[in-house]
Amino acid sequence: MRILIAPDKFKGSLNAREVADSIAAGLRDAVPEATIEIIAVADGGEGTADVISQACAGEWVNCDAHDALGRGITARYFRLREKTIAVMEMSEAAGGWRLAPHERDPLHANTFGVGEMLKDAASRGATEILIGLGGSATNDGGFGLARALGFRFFAEDTELVGGSDELQNLTKIIRPDVEALVPSAFSSGGRLAQAPLHLIAAVDVRNPLLGERGATRTFGPQKGATPEQLEILERALARLADVVARDLGCDFREAPGAGAAGGLGFGLMSFCGAEVRPGFEVVAEFIDLESAIQRADVVITGEGSLDRQTLEGKAPAGVARLARKNGKRVFAIAGAATADQTVLEVFDGVLTLASPSITREEAMTRSRELLRERAQELAKAL
């Protein structure tokens, strides 16, 4: 039997490779004669660059940047060895993981450091940049990123250089002076050039910028925004979208993925001419996942929580679709799973670490052990 193990991370517990290794250990316990192949997967969220680095030859690059609160940091991204392609994650600079719980401040957190990472990659000769949008601490619609690239924002005669809340008063956007930016990386309009530099934003959600499904109302509470702050942030992003449409001649507020990473999807499309794509599809192409699925008899995937969001572009659902396309059985091992049959029927079977006798918290602390046990159970069933 040939088994492919292709899970995503268990957020807050194990990265994708650690999940896969734990599953593989359980399978070897039960079916030592099986041929096992491991390919970690991701969907544009945190861990995307790491997954691609495991499948592609290249090197990690360090650069100076700032975190979401403006503190100097060393950020890193991956550069493929034989191609002028850089792979990065916005969370490396503006991620929530860099902030302590008491530091969460969506009114003032910004994406300036993400722009610094883009400029660094362009200055080192990148012709294509893939950036994963997940795990953000920000809700600025790319305001900070644009300022790092040289765009200037004004409320009448006052330049805006602070937090997202200032955007409520935005009246004008001025494109950057191209000469002040990285030579050859930007077009005459001040946007990242389509040629020679191609920017791909990998997203795991399809939310628009505004409204009930938008960046603020859907994800703002997770970033610490109070009900009053949510209203401020929604007005700020609406004003940003209006002025972008007028001064830059583009309007991506309704585009799928515009609301990803606190509206950074919108910002990358508006200020950088980025192409927004489902993150799983992009990663699957980089790591040639379909070929691995074709070699397998059975596919095992998983993530920390299988729920309705799994169907909205998350990696396990993508793995399942590719497995079905190629006529392969596909199973999932998750930390916890919904009772929603629409989600469960995507797989031939679902096993969970949590159970009536094991809480989610306990499952997270014992994830390696429990993954191994569930893999043994699955192997016996197979």
Side-chain angles (χ1 to χ4, degrees), residues 3-24 37-56 87 89-91 130-135 200-207 256-257 260-261 276-293 296 298-326 328-338 340 342-353 367 371 374-375:
I3 303 174
L4 171 66
I5 306 172
D8 198 352
K9 64 185 178 300
F10 277 38
K11 190 171 183 178
S13 181
L14 302 175
N15 65 35
R17 181 68 195 205
E18 291 168 335
V19 172
D21 286 341
S22 298
I23 294 172
E37 183 174 3
I38 291 174
I39 297 183
V41 299
D43 50 28
E46 291 172 288
T48 295
D50 190 49
V51 163
I52 291 176
S53 76
Q54 294 175 32
C56 304
V87 181
E89 298 172 18
M90 71 79 60
S91 64
L130 169 63
I131 178 167
L133 307 190
I200 301 171
V203 301
D204 60 358
V205 298
R206 296 179 57 80
N207 302 69
V276 173
R277 294 186 58 195
F280 174 76
E281 293 181 8
V282 178
V283 173
E285 291 172 7
F286 264 94
I287 64 180
D288 197 14
L289 179 61
E290 188 162 13
S291 293
I293 288 174
V298 175
V299 179
I300 301 173
T301 186
E303 66 177 344
S305 180
L306 290 180
D307 52 33
R308 291 291 297 185
Q309 281 197 328
T310 301
L311 304 181
E312 296 293 323
K314 300 294 185 180
V319 173
R321 283 193 294 271
L322 282 179
R324 300 286 194 196
K325 172 186 172 184
N326 288 280
K328 312 294 182 176
R329 289 186 294 168
V330 57
F331 298 85
I333 302 178
T338 178
D340 189 331
T342 305
V343 178
L344 299 181
E345 68 187 12
V346 170
F347 309 95
D348 290 290
V350 175
L351 292 82
T352 61
L353 308 193
S367 53
L371 278 165
R374 298 299 178 269

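- Partner of I38 under the side-chain contact (heavy atoms from CB on, under 4.5 Å) criterion, out of I23, I300, I5, L4: I5 alone.
- Annotation: side chain of L289 is in contact with side chain of F280 (closest heavy-atom distance under 4.5 Å).
- For the side chain to side chain donor-acceptor pair (under 3.5 Å) test, residues two or more places apart in sequence or in another chain that qualify with D21 are R17.
- R308 has its side chain within reach of D340: a pair of non-hydrogen atoms, C-beta onward, lies under 4.5 Å apart.
- Heavy atoms only, all atoms of each residue included: A315 and D8 are closest at CB-OD2, 3.8 Å.
- Qualifying side-chain contact (heavy atoms from CB on, under 4.5 Å) partners for S91, counting only residues two or more places apart in sequence or in other chains: E46, E89, W97.
- When all heavy atoms of V276 and G257 are compared, the pair lying nearest together is CG1-CA, 4.4 Å.
- Annotation for R324: atom CZ counts as buried by contact number, over 12 foreign heavy atoms lying within 6.0 Å.
- A salt bridge is absent between D348 and K328; no separation between the charged side-chain nitrogens and carboxylate oxygens falls under 4.0 Å.
- Across C56 and F286, no two heavy atoms sit closer than the pair SG-O, 3.8 Å.
- Sorted by first and then second residue, the side chain to side chain donor-acceptor pair (under 3.5 Å) pairs with a member in residues 312-323 read D204-K314; sequence neighbours excluded.
- Under a 3.5 Å cut-off, the side chain of R374 and the backbone N or O of T352 do form a donor-acceptor pair.
- Using modelled atom types, one side-chain atom of T301 and one backbone atom of A6 make a donor-acceptor pair closer than 3.5 Å.
- Taken from CG in D43 to CG in L133, the straight-line distance is 11.0 Å, to the nearest 0.5 Å.
- Minimum heavy-atom separation, A55 to I287: CB-CG2, 3.4 Å.
- In terms of the side chain to side chain donor-acceptor pair (under 3.5 Å) criterion, residue partners of S13 (sequence neighbours excluded) are, by chain and number, S367.
- When all heavy atoms of A334 and L306 are compared, the closest pair comes out as CB-CG, 3.7 Å.
- Annotation: side chain of V299 is not in contact with side chain of N326 (no heavy-atom distance under 4.5 Å).
- Across L371 and S22, no two heavy atoms sit closer than the pair CB-CB, 3.8 Å.
- Under the rule for a side-chain contact (heavy atoms from CB on, under 4.5 Å), the partners of A16 that lie at least two apart in sequence or sit in another chain are A40, V51.
- Residues D307 and V343 fail the side-chain proximity criterion, which asks for heavy atoms closer than 4.5 Å.
- One distance of note links CZ of F10 with CG of L353; it measures 5.0 Å at 0.5 Å rounding.
- Every side chain to side chain donor-acceptor pair (under 3.5 Å) that E285 has, sequence neighbours left out, goes to R277.
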